[in-house]
2 protein chains.
Amino acid sequence: MRTSQYILATLKETPSDAEVISHQLMLRAGMIRRVASGLYTWLPSGLRVLRKVENIVREEMDKAGAIEMLMPIIQPADLWEESGRWEQFGPELMRFADRHNREFALGPTHEEVITDFVRKEISSYKQLPLTLYQVQTKVRDERRPRFGVMRAREFTMKDAYSFHLTEACLDATYQAMHKAYCNIFERLGLDYRPVIADTGSIGGSVSHEFHVLAESGEDAIAFSDASDYAANIEKAEAVAPSETRPEPSKELKVFPTPDAKTISELKKHYGVKPHRGVKTLIVYGAPNEDGIRGLVALVLRGDHELNELKAEKHPLVDSPLEMASEADIVAAIGANPGSLGPVGLSMPIIVDRSANVLADFVAGANKDDEHFSGINWDRDVKSYDVADIRNIMEGDPSPCGQGTLQIKRGIEVGHIFQLGTKYSEAMKAGVLSESGKNQIMTMGCYGIGVSRIVAAAIEQNNDQYGIIWPTAIAPFDLAIVPMNMHKSHRIPDIANNLYDELKAAGLDVLFDDRKERPGVMFNDMELLGVPYTLVIGERNLDENKVELKNRRTGEKLMIDIDTAVETIKATINV
Amino acid sequence: MRTSQYILATLKETPSDAEVISHQLMLRAGMIRRVASGLYTWLPSGLRVLRKVENIVREEMDKAGAIEMLMPIIQPADLWEESGRWEQFGPELMRFADRHNREFALGPTHEEVITDFVRKEISSYKQLPLTLYQVQTKVRDERRPRFGVMRAREFTMKDAYSFHLTEACLDATYQAMHKAYCNIFERLGLDYRPVIADTGSIGGSVSHEFHVLAESGEDAIAFSDASDYAANIEKAEAVAPSETRPEPSKELKVFPTPDAKTISELKKHYGVKPHRGVKTLIVYGAPNEDGIRGLVALVLRGDHELNELKAEKHPLVDSPLEMASEADIVAAIGANPGSLGPVGLSMPIIVDRSANVLADFVAGANKDDEHFSGINWDRDVKSYDVADIRNIMEGDPSPCGQGTLQIKRGIEVGHIFQLGTKYSEAMKAGVLSESGKNQIMTMGCYGIGVSRIVAAAIEQNNDQYGIIWPTAIAPFDLAIVPMNMHKSHRIPDIANNLYDELKAAGLDVLFDDRKERPGVMFNDMELLGVPYTLVIGERNLDENKVELKNRRTGEKLMIDIDTAVETIKATINV
């Protein structure tokens, strides 16, 4: 491609509305343009990257035995009513009516459509297992679209769905998909981690997310420093402390704390170390038979954070978790939230495992401006449950039994689920089993955010000059930059020749044939992140050489013109 | 691909709701399934064809210098308001509001979005000409979706847009696109015609449609039998008759015609030859300054048909053309539609050129149950306009001056337009010209119905056994059908070997490894339209042979196993 016949569309200034580096660089490098909130046009350079990602995803899905098809973006409401999601799904589901006033949605995901397809087409266990996938435009009406294509309203996904007779069969396909995902992210050239994940509202039991590691990531991931273990921080188990609780050695004593409403104020004004005190959070309990919700107290060590997902899975707690209002707290306890504690509370108490091994600890006295010291479980608080309800912290022992946990940030680019029968049951998707009986199928689903990967790759690979593409997904393998081409006789000839030969050798080459100063051309190629630049200049030509520059390392290689094509192919190794 | 790991999804019965052969065969051959009215899932076999069509389109667009990008499907209403089409476009435009109640549409076409993009990105005449394209899902809320993917609500289009400083430059790109389209349809292996077309509501001056010829086509196309001339019948000129009008030789006479309200009744009961009489149609005229519409009479030879598009372009006639109500006719003329004629009419009269060369002809007398004979222009009707307002007929002289016209039916699969400044003017899309002034750009647009091509190809290529794919777009190049594989020792080995070798040779091979009777397998491969079937049977193996069968010709070739791969490659010539 010659830049003179292309839309480079690079920008010198950083657009003011772009918050994250990938969004800034995608705009500046001429990869995308905004059409409306969360809606983007992919420019030629952006589309080249998107297609390369798509193709790698496709090849690995095909290799893993999945079959590609293509479902419509527009989905009829009646299928979503069958699954129950027409009601459950929030305003993210973009809904509309056609000219005959029939209701439809723009698909954010395709469980309903694929389950409907399979229940009509597949009738026998002999046709199973079956894994189907598509690469398609999806729509989600985000409350706050942001970060460019990272959280857009229209985006490209690869979504796959598998169908099975047994859990064991589902697990085998799940493992094959896990492996295919690893292959995909390896080939994309990204630093990634598969992490144990929460299944959330999609349902099912087993689930992994695939994260591209980047400091700007929205998710926190916990890793073992000594094994492959990795889990979303929401899901990572805080293992039970190995130490046993010491015997009580102090008396329960009240002390005035007018200046302490928080753990840090307790430390600052009264010298209580956070890990020697507990904090008490009041939430609503699961409704009783009459639908009435009482209150429940959650007790954590002062230096620990509540993990809401863990807490709301406790049978005593309402789900989704909701903090009690200050009015309800005062009405039930007689004290404000700054002075709460487990002693003398007349409601169910759930104690985090780490708080449960404390002895002689400090907590609020359930009376404003007073705390207790010397609290001991069983002696001072008789009745309570013990559970894992906190976030893990860096340095915690790994749940896998090896090493301690580190925390890194990641961008979720893939998610795989063992769905089970959630959709097949609701939509009565059964096949004849070997014994001739109708049996509901078991399902898995497997998503990859194709367009998000483009942004995530940039978050992980950039410097002050622009993007540094992994070679497999770069818009071009190589840029040819001739210096002052229009002042020279031999430079245009050599540049044109090399361009033709490198293209013929199968490389994606961008030939910068603009009448621009070399500095402008170098800056654009660096901004665009082309992995290698071939610089053709008078001085080197005198020695029959051209210069090959590596975008990532900055390394410059002087190469012979006569063997340039072979040298470049060997160096780039596409 | 092995059928055992694929979704063949062939059907024995013809689905009752499929009216045209391509729709029936796409369902029966397992290419598509209906999700809702006008919404289809593409099954693996259908998607393979769709992708092959897409790729040919892409390659030829790239060769012609067009640059690929990708715009969003969801388009903001404000752009359509700028062009005026938010109001003008009918209910085919699928409109909806997002969670913040902002209005959007699902794009049926992208003139607004691309013009907005170009006006922001392109500032100088030096960046022109520019041709941008995309291959994308489009949406049109058809009043009556039908014929499967032929007239679906969600479909795949290639749409391209070009931008220029001058009409001459637009014309050059238009010719290049015309050539690219011819290359595309040649490569697709389809019998097609570029035809002169009406520009309709898209606007602009010059336009060609590309039609795949098929008896089931919705459009009639007029061809010269002696040149390349071809035009949509709506647009083909009925050339002025070469004969001059004879002098009057008869008196104007009234005769009673109680049994004749039509040209054919006039012939049946009174012996008037249709080409010796005229028919008179009353339509509404263009509104006057006060917005009031009078009536206008259109006079055609009895055997000719009105061409509404031609008539409504006449300045006296309202556009779109509307037939006058019977009440308005009776009120103005005093006679019913069965007895109208040009003699004594007090309204503007437009006479078709062929009716204008008649002498001594017959027409209604503007009195119920009476006609005149011996009518002569000028003598009996003083004031009238002459124009081309009829459809051409088979056998008419060609407007190109060579040969006579034939009529064939076609399916419109492409349409190219010289748009001019319709959108760039409305949206103020200008660039700095060489003289430093702002100049509005001139535009072209170029569409191909990618998914419709799949159906059109089937309409043109089928027989009683199923589809006969042109080789370039067949879902598979070759099917391997081993006979009674599960009863033989050597057949599975040979079939598996040939499958691996043919795949390695770069062919798309479908290996029918199901435990089915040979008849079932042959029927499925014929239905699916695979161009060649390689049959492996015991008897031929005794002679070290396999049989290669051509789907289109039925020809069977016995080939040596040892050289099978080379023979097949040479025969198929993929």
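Chain A is the first sequence line, chain B the second, and so forth, proteins listed ahead of strands; every chain is numbered from 1.
Interface remark: B:Met94 contributes side-chain atoms only to the contact with chain A (heavy atom separation under 4.5 Å). In this structure, the portions of B:Glu92 lying under 4.5 Å from any heavy atom of chain A include both its backbone and its side chain. Only the side chain of A:Leu132 comes within contact range of chain B, with heavy atoms under 4.5 Å apart. A:Tyr6 touches chain B through backbone and side chain together, each having a heavy atom under 4.5 Å away. Only the side chain of A:Leu106 has a heavy atom closer than 4.5 Å to any heavy atom of chain B. Only the side chain of B:Leu47 has a heavy atom closer than 4.5 Å to any heavy atom of chain A. Contact annotation for B:Ile74: both backbone and side-chain heavy atoms come within less than 4.5 Å of a heavy atom of chain A. Residue contact with chain B, scored on non-hydrogen atoms closer than 4.5 Å, involves the side chain of A:Pro76 exclusively. Heavy atoms closer than 4.5 Å to chain A are found in both the backbone and the side chain of B:Arg99. Heavy atoms closer than 4.5 Å to chain A are found in the side chain of B:Leu130, but not in its backbone. Proximity to chain A is absent for every atom of B:Arg2, based on heavy atoms less than 4.5 angstrom apart. Proximity to chain A (any heavy atom under 4.5 Å) is shown, for B:Val35, by both the backbone and the side chain.
Minimum heavy-atom separation, A:Leu70 to B:Leu50: CD2-CD2, 4.4 Å. Nearest heavy-atom pair across A:Leu43 and B:Phe117 is CD1-CE1, 3.5 Å. Contact between A:Glu154 and B:Pro72 at its shortest, heavy atoms only, is OE2-CA, 3.3 Å. Among all heavy-atom pairs drawn from A:Trp42 and B:Met69, the shortest one is O-CB, 3.2 Å.
Rounding to the nearest 0.5 angstrom, the gap separating the CD1 atom in B:Ile7 from the CD1 atom in A:Ile67 is 5.0 Å.
Interface check for chain A: of the options B:Gln5, B:Arg143, B:Gln127, the most heavy-atom pairs under 4.5 Å are formed by B:Arg143. Between chain A and the options B:Thr137, B:Asp116, B:Ile73, heavy-atom pairs under 4.5 Å are most frequent for B:Ile73. Heavy-atom pairs under 4.5 Å with chain B were tallied for A:Ala36, A:Pro91, A:Pro129; the largest tally goes to A:Pro91.
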When you look at A:Asp98 and B:Arg153, which way does the side-chain contact (heavy atoms from CB on, under 4.5 Å) test go after all the steps?
CA-CA 10 Å; A:Asp98 72 1; B:Arg153 296 204 282 180; 2.8 Å; yes
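At a threshold of 4.0 Å, the pair B:Glu68-A:Arg48 does not count as salt-bridged, since none of the basic side-chain nitrogens sits closer than that to a carboxylate oxygen.
Under the 4.5 Å side-chain criterion, counting only non-hydrogen atoms from C-beta, B:Arg33 is not in contact with A:Lys120.
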